[in-house]
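Here the structure comes first, spelled out in structure tokens, and everything after it is commentary.
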Amino acid sequence: MRDLVDAIRPLLNSVMSDIGVQESDWDNLLASSTDSAFADVAMPCHSLSKVLRKAPNTISDEILESLGSTTEGLCQVSSINGFLNFSADSDWLSDLLQEALIDDRLRVLTEESRVIVIDYSSPNVAKHMHVGHLRSTVIGDALNRMLTHKGHRVVPENHIGDWGTPFGMLIEHLIDMGIDSDSQNIDLSTFYSDARAKFDSDSEFSSRSRARVVRMQSSEPETIELWQMLVDRSLIHFNEVYQRMGVLLTNDDLAGESKYESVLPRIVDKLAERGLLEESDGAKVVYLDGWKNREGEPLPLIIQKADGGYNYATSDLACILDRIENVGSRDLLYIVGAEQAQHFAMVFEVARSAGFMDEGVNAIHVPFGLVMGTDGKKLASRTGGAVHLNDLLIEAVERADAIVAEKNPLLSNKERAEVAKMLGIGAIKYADLSTDRSNNYTFQWEKMLSFDGNTAPYLQYAHARICSIFSKDGIDRDSTLDAEIILVHEREIALARALIGYPEALDSACSSHSPHKLATQLHVIAQAFGSFYEVCPVLNAEDKTKISRLALCDLTARTLQTGLELLGIDSPQRM
RNA sequence: GGGCGUGUAGCAUAGCCUGGAUAAUGCACUGGCCUCCUAAGCCAGGGACCGCGGGUUCGAAUCCUGCCGCGCCCGCCA
């Protein structure tokens, strides 16, 4: 109810100064009511009793009287127990809805455009994408869409793991398997583990693997060619998964570790120039105040290993410099699991100390919890290994297909397949995006694919029901744009309240990087619609009411569809 | 041992940043509602010492503090 607060504030301004209360004393008292049963907006006056030396309910009574008729056409005001309660008038609500109706952006404002780099997904070359990449990819994709919608230039960066010591063994393994063979034939599900097993058991293999790393780092053409084969094979896999998931990432967004490899020595030099580097057991490290290891000794951030190799931290520092100097961004988001919180805290601190970023740069680790199985442990396959993301997505669509086939046998095979994809993928994404990302969440097929509750199918169904109203009578959706919205029934008014909360929820979701705040509001809207639709006939209503309700339906559908799209979820017309 | 996160009805969650009234939502449960626009839905009901103890405050799920449980992290992996 941000809009109502904004509308009431100027009215209170003069009243409050008249009774002798400074703006700073009441400014943040005026806010959305904690309980919508009382009011839309409320102002508790208890803290003012110190200033005015009067009882809270006397104060709220006085303010109510002073407001007089100024709130007419805006809201009803009452004074109870020291609270001023403001309830929006239906005319004011309908004015806002009509604004939204003719607005492609549904009253969502754009912000002053910033360049925002979002680092997400980050799978590893030569490995299958697995469930560990799910949340980063889904949350990152949603934030990408949401922030772009708010008017920012989002630069997605997929920091794939395509460099480092494991590539020695991977390349040698590729050679062993026959380099002439088509890279299409590389089986990513076993490639890495096969190579690792040989590396651990075969000393001849491990020694040539180590030699291969050196050749790779000196950019020996033959080695790079083999490396590129592995990368290319993996990109085909990544893109297959991304396409199936419907996320925005493409090859243009790749910013793998190999991209930064050549500038790492420069990073070391810069840190040395700043006097930050120290030597410890042959490694070059930075010690930061306040960080201690298990033994209580100073904990370093390792910049260069004793063997001369580099770590993830160094690559991250190079990334920061690149993003600020070359991409021109001052907003860096890292959609990475919560377990890496310490790593990022240290990296950001070093980057600041080294002058890579000043205080005005927002480098933010956006952490998330684990995906748990129903056994309460980190989700794993039956054999204990990581669950392949592709398999998960395929299963989601298969399960959705079976449900749709049962619920709506009339759909053609083609349409059912399309709907199943939207429902299945939507269900997985929504399950992830509808709760606070910092919680661990339990992966449950039945729950996420249920048509009841706070799920993607429930929201999609609400949308599809509205579409079917329009198609039933062959009514053009755009025909309602100039409709007069008349809110009479309490459930029409409840739906209106839900709808005007959309822009606010989106803004809140963006500023806190918490997509669930948008998801929660969409669920409120879908619920309010379901409740409205049950008792408010649309097509069978009289002229003006019918047009008004059609407009309300259209606005609801557009809000659900747009909101879901911002979460990366499609809304079928029929299901 | 230190750090980060988390704990809210049987279960899953929102609310915590920025304190406000009878703690909200979903699943499950109980009962009701289809000759009428998708019942894949809707309505009603029961169910919570908001982990525990202190503190601050007129007022604490929310802020501070101490415990407890759970998860994760704590030097050459990423």
Side-chain angles (χ1 to χ4, degrees), chain A residues 28-29 31 33-39 42-47 49-50 55-56 80-83 85 122 124 159 161 164-166 257 280-285 290-307 309-313 315-316 336-343 345 367 369-370 372 376-378 403-404 406-408 434-436 438-442 444 446-447 450-455 457-458 460-462 464-470 472-473 512 516-517 519-520 523-524 527 530-541 549 553 574-575:
Chain A
N28 39 20
L29 295 178
S33 173
T34 49
D35 190 338
S36 58
F38 293 116
M43 184 164 82
C45 300
H46 310 78
S47 63
S49 57
K50 257 181 265 169
I80 304 151
N81 298 331
F83 288 88
N85 286 326
S122 313
N124 293 313
H159 198 69
T165 45
E257 285 161 7
S280 172
D281 297 334
K284 291 175 178 163
V285 306
W291 295 99
K292 287 186 167 52
N293 69 12
R294 210 184 300 264
E295 283 73 41
E297 297 154 355
L299 177 70
L301 188 69
I302 295 174
I303 302 299
Q304 188 168 22
K305 299 188 285 183
D307 66 5
Y310 300 97
N311 269 352
Y312 187 36
S315 163
D316 271 338
V336 180
E339 63 273 18
Q340 292 191 38
Q342 176 175 304
H343 166 78
L370 299 171
M372 313 290 274
K377 293 176 185 165
K378 196 169 166 175
I403 293 168
V404 174
E406 189 202 324
K407 305 269 193 192
N408 193 348
S434 58
T435 65
D436 190 319
S438 35
N439 293 323
N440 292 346
Y441 88 89
T442 306
Q444 285 173 285
E446 296 73 21
K447 194 170 174 178
S450 168
F451 291 78
D452 299 314
N454 189 10
T455 64
Y458 178 82
Q460 289 166 323
Y461 176 58
R465 287 173 99 181
I466 298 172
C467 292
S468 98
I469 296 170
F470 284 88
K472 187 102 182 167
D473 263 24
S512 60
H516 83 276
K517 294 188 177 183
T520 301
H523 183 238
V524 167
Q527 277 187 109
S531 186
F532 152 84
Y533 192 47
E534 199 70 17
V535 293
C536 294
V538 178
L539 295 176
N540 302 330
R549 287 179 178 170
C553 286
R574 300 199 296 168
M575 58 189 271

Q. Using purine N1 to pyrimidine N3 plus N6-O4 or O6-N4 for Watson-Crick, or N1-O2 and O6-N3 for G-U wobble, each under 3.5 Å, what pairs with B:rG41?
A. B:rC33
Q) With a 4.0 Å cut-off on heavy atoms, is A:D281 in touch with a base, just the backbone sugar-phosphate, or nothing at all? A) base
Q: With a 3.5 angstrom cut-off on both distances, give the Watson-Crick or G-U wobble partner of B:rG46, or none if there isn't one.
A: none
Q. Under 4.0 angstrom, heavy atoms only, what part of the nucleic acid is A:A306 near: base, sugar-phosphate, or nothing?
A. base
Q) Under 4.0 angstrom, heavy atoms only, what part of the nucleic acid is A:N124 near: base, sugar-phosphate, or nothing? A) nothing
Q) Is there a side-chain polar atom (N or O) of A:R465 under 4.0 Å from OP1 or OP2 of B:rA39? A) yes
(Q) At 4.0 Å (heavy atoms only), tell me whether A:C536 reaches a base, stays on the sugar-phosphate, or touches nothing. (A) base
Q.
My understanding is that a pair needs two contacts under 3.5 Å, Watson-Crick or G-U wobble. By that rule, which nucleotide pairs with B:rC76?
A. none
Q) A:T34 side chain N/O closer than 4.0 Å to the phosphate oxygens (OP1, OP2) of B:rA21? A) yes
Q | Base B:rG75 to side chain A:S280, donor-acceptor N/O within 3.5 Å cut-off | A | yes
**Q.** Near-parallel close stack of A:Y461 and B:rG41 base (under 5.5 Å, under 30°)
**A.** no
Q. When you compare B:rC29 with B:rC11, how far apart are their C1' atoms, in angstrom units rounded to a whole number?
A. 12 Å
Q: Answer with base, sugar-phosphate or nothing: what part of the nucleic acid does A:K472 contact at a heavy-atom distance below 4.0 Å?
A: sugar-phosphate
Q. Could you state the NZ-C1' distance from A:K378 to B:rC72, rounded to the nearest angstrom?
A. 9 Å
Q: Would you mind classifying the nucleic acid contact of A:A462 as base, sugar-phosphate or nothing, using non-hydrogen atoms under 4.0 angstrom?
A: nothing
Q.
Assuming nearest nucleotide by heavy-atom distance, tell me which of A:Q527 and A:S33 is located more 5' along RNA chain B.
A. A:S33
Q. With syn defined as a glycosidic torsion within 90 degrees of 0 and anti otherwise, which applies to B:rC58?
A. anti
Q: Could you tell me whether A:L299 contacts a base, only the sugar-phosphate backbone, or nothing, with contacts defined as non-hydrogen atoms closer than 4.0 Å?
A: sugar-phosphate
Q. How is A:V535 classified with respect to the nucleic acid when contacts are heavy atoms under 4.0 Å: base, sugar-phosphate, or nothing?
A. nothing
(Q) Less than 4.0 angstrom between a side-chain N/O of A:Y441 and OP1 or OP2 of B:rA14, yes or no? (A) no
Q. Donor-acceptor pair under 3.5 Å: do we get one between A:D436's side chain and the base of B:rA14?
A. no
Q) Contact class for A:A464 vs. all strands (heavy atom < 4.0 Å): base, sugar-phosphate, or nothing? A) base
**Q.** Polar side-chain contact A:E534-B:rG41 base: donor and acceptor under 3.5 Å
**A.** yes
Q. Nearest 0.5 Å, what's the CE-CG distance between A:M43 and A:N28?
A. 11.0 Å
Q: Identify whether any heavy atom of A:E295 sits under 4.0 Å from a base atom; if not, whether one sits that close to sugar-phosphate; answer base, sugar-phosphate or nothing.
A: nothing
Q.
Main chain of A:K517, side chain of A:T520: is a donor-acceptor contact present, judged purely on distance under 3.5 Å?
A. no
Q) What's the NE2-P distance between A:H523 and B:rA24, to the nearest Å? A) 16 Å
Q: Could you tell me which nucleotide pairs with B:rC16 by Watson-Crick or G-U wobble geometry, both distances under 3.5 Å, or answer none if nothing does?
A: none
Q: Measure the distance from CD on A:E446 to P on B:rA40 and round it to the nearest whole Å.
A: 19 Å
Q) A:N81 near the nucleic acid: base, sugar-phosphate alone, or nothing, with a heavy-atom cut-off under 4.0 Å? A) nothing
Q | Interatomic distance, A:H523 atom NE2 to A:S434 atom OG [nearest 0.5 angstrom] | A | 9.5 Å
(Q) Is it the case that the side chain of A:S450 and the backbone of A:E446 share a donor-acceptor pair, with hydrogens and angles ignored and the cut-off at 3.5 Å? (A) no
Q. Any side-chain N or O of A:N439 less than 4.0 Å from the OP1 or OP2 oxygen of B:rA14?
A. yes
Q) So which nucleotide does B:rC70 pair with, by the Watson-Crick or G-U wobble rule with both distances under 3.5 Å? A) B:rG5
Q) Which part of the nucleic acid, if any, lies within contact of A:L370, taking any heavy atom under 4.0 Å across all strands shown: a base, the sugar-phosphate backbone alone, or nothing? A) sugar-phosphate
Q: Return yes if some donor-acceptor pair links the side-chain N/O of A:D35 with the main-chain N/O of A:A37 below 3.5 Å, else return no.
A: yes
Q: Could you tell me the separation between the CE atom of A:M575 and the CZ atom of A:R465, rounded to the nearest 0.5 Å?
A: 10.5 Å
Q) Any idea how A:Y312 and A:H343 line up, ring-wise: parallel (<30°), tilted (30 to 60°), or perpendicular (>60°)? A) parallel
Q: Indicate yes or no for a side-chain donor-acceptor contact from A:R574 to the backbone of A:S468 under 3.5 Å, with no hydrogens or angles considered.
A: no
Q.
Classify A:Y533 by what it touches in the nucleic acid, base, sugar-phosphate, or nothing, heavy-atom distance under 4.0 Å.
A. base
Q: Return the stacking result for B:rA21 and A:F38: yes when the ring centres lie under 5.5 Å apart and the planes under 30°, no otherwise.
A: yes
Q: State whether A:T435 places a side-chain N or O below 4.0 Å from either non-bridging phosphate oxygen (OP1 or OP2) of B:rU13.
A: no
Q.
Does B:rG71 have OP1 or OP2 under 4.0 Å away from a side-chain N or O of A:K377?
A. no
Q. If the C1' atom of B:rG51 is compared with that of B:rU8, how far apart are they to the nearest Å?
A. 10 Å
Q.
Regarding A:M575, tell me which of base, sugar-phosphate or nothing describes its non-hydrogen contacts under 4.0 Å with the strands shown.
A. base
